[in-house]
Amino acid sequence: MSEAPDKELRGLLAEMRELEPDLAARLIDDVSPEVRERLATHTHDPDVITALMADRTVRVRKGVARNPRTTAEQRRALAQDPVIDVRAALVRAVELDEADLERLVHDRSVQVRLAMATSEVIPPHIRRALGRDPDEMVAGAARDFRPASGNSPVIRGARGHRRSGTGPGRPGGAA
């Protein structure tokens with residue numbers, strides 16, 4: 001699969017939880033940025049994460065930023081990435097150390113601060129600080145934030161299964 005001409009097959013391989021290290025090492029250098037991004041987002045291997053953090057393609061580093069298995073040190077480096085989209089993806093997806101949050105609350109990019117203001121993983125005291133942001137769009141988003149509003153990109157666990165059709169309080173009958 002790692003040598004398949006179809007990047008979708010290589011991408012599926014990159015997302016495998018128990019990907020063997022030698023295959024992951026091959027995929028680090030895959031010609032397709034999509035395959036490398038999928039590897040970056042799903043890998044559990046700290047060496048693969050480190051290698052992909054140095055990738056020149058922004059979407060790959062964004063994939064690393066969304067990976068919950070990054071270390072605090074890796075997150076600190078990603079929080080200083082020169083590309084706005086990488087920093088914005090990071091603050092939306094993973095919890096950060098206090099020092100990184102304090103630095104990012106004053107990020108030069110409105111887009112990063114707005115991502116923080118609307119992120120489910122940002123602590124309330126940081127959101128309160130963003131409520132005083134000089135940019136009114138950021139400040140308003142922070143003040144108006146409601147957890148679990150449905151517009152967060154944070155992946156949540158599945159909720160209880162609900163049968164469609166009939167049941168208590170539904171047309172067509174009782175339980």
- Nearest 0.5 Å, what's the CG-CZ distance between N67 and R75? 8.0 Å
- How far apart are the closest heavy atoms of H42 and A14, and which atoms are they? CB-O, 4.1 Å
- Task: For the residue pair D45 and T43, confirm or rule out a side-chain donor-acceptor distance under 3.5 Å.
- Result: no
- Query: With a 4.5 Å heavy-atom cut-off, do D85 and Q111 have their side chains touching?
  - Reply: yes
- Query: Once you round to the nearest 0.5 Å, how far does NZ of K62 lie from CD of E37?
  - Reply: 7.0 Å
- I126 vs E102 side-chain heavy atoms within contact, under 4.5 Å: yes
- Item | D144 CG to T118 OG1 distance, which is reported to the nearest 0.5 Å | 11.5 Å
- Item | Shared hydrophobic cluster, L9 / L23 (ILVMFWY, side-chain heavy atoms < 4.5 Å) | yes
- Do E8 and E34 have side chains that get closer than 4.5 Å, going by heavy atoms? yes
- Query: Would a hydrophobic clustering, with Ile, Leu, Val, Met, Phe, Trp and Tyr connected at side-chain separations under 4.5 Å, put V121 with V86?
  - Reply: no
- Message: side chain to side chain contact (heavy atoms under 4.5 Å, CB included) for R36 and R59? Distances and angles first, verdict last.
- Response: CA-CA 9 Å; R36 297 192 316 271; R59 74 184 288 177; over 6 Å; no
- Take R61 and D81 through the salt bridge (Lys or Arg N to Asp or Glu O under 4.0 Å) test and state the conclusion after the steps. CA-CA 9 Å; R61 294 195 316 277; D81 194 282; 2.7 Å; yes
- Do R87 and S109 meet the criterion of a side-chain donor-acceptor pair at a distance under 3.5 Å? no
- Contact check, side chains of R38 and K7, non-hydrogen atoms, under 4.5 Å: no
- Task: Run the salt-bridge test on R10 and D30 with the 4.0 Å N-O cut-off and return the result as yes or no.
- Result: yes
- State yes or no: do I84 and L78 share one hydrophobic cluster built from I, L, V, M, F, W and Y residues joined by side-chain heavy-atom distances below 4.5 Å, directly or via other members? yes
- Heavy-atom distance under 4.5 Å between the side chains of L19 and L27, does that happen here? yes
- Task: Check side chain to side chain donor-acceptor pair (under 3.5 Å) between E20 and all other residues, then give those that pass, not counting sequence neighbours.
- Result: none
- Hey, quick one: are V112 and L101 part of the same hydrophobic cluster, counting side-chain heavy atoms closer than 4.5 Å, chains of contacts allowed? yes
- Would you call L13 and M16 a side-chain contact if the rule is heavy atoms closer than 4.5 Å? yes
- Message: Can you tell whether the side chains of D135 and R113 come within less than 4.0 Å, N to carboxylate O?
- Response: no
- Message: What I'd like to find out is whether the side chain of T41 reaches to under 4.5 Å of the side chain of E15, using heavy atoms alone.
- Response: no
- Item | V58 with L39, same ILVMFWY side-chain cluster at under 4.5 Å | yes
- Query: Can you tell me if R127 uses its side chain to pair, donor with acceptor, with the backbone of A141 under 3.5 Å?
  - Reply: no
- Message: If I take atom CG from residue L114 and atom CG from residue L130, how far apart are they, to the nearest 0.5 angstrom?
- Response: 9.5 Å
- Message: If I take atom CZ from residue R128 and atom CZ from residue F145, how far apart are they, to the nearest 0.5 angstrom?
- Response: 13.0 Å
- Going by atom types alone, do D100 and Q80 pair a side-chain donor with an acceptor below 3.5 Å? no
- Message: So, taking the atom named CD in E73 and the one named OG1 in T71, what distance separates them when rounded to the nearest 0.5 Å?
- Response: 5.5 Å
- Would you call R76 and D97 a salt bridge, using N to O less than 4.0 angstrom? yes
- Looking only at non-hydrogen atoms, find the nearest pair between V91 and A115 and report the distance. CG2-CB, 3.6 Å
- Of all residues at least two apart in sequence or in a different chain, which pass the side chain to side chain contact (heavy atoms under 4.5 Å, CB included) check with D29? none
- Item | Minimum heavy-atom distance between P33 and V31, given as atom pair plus value | CD-O, 3.4 Å
- Message: Under a 3.5 Å distance rule, please check whether R143 uses its side chain to pair with a backbone N or O of G131 as donor and acceptor.
- Response: yes
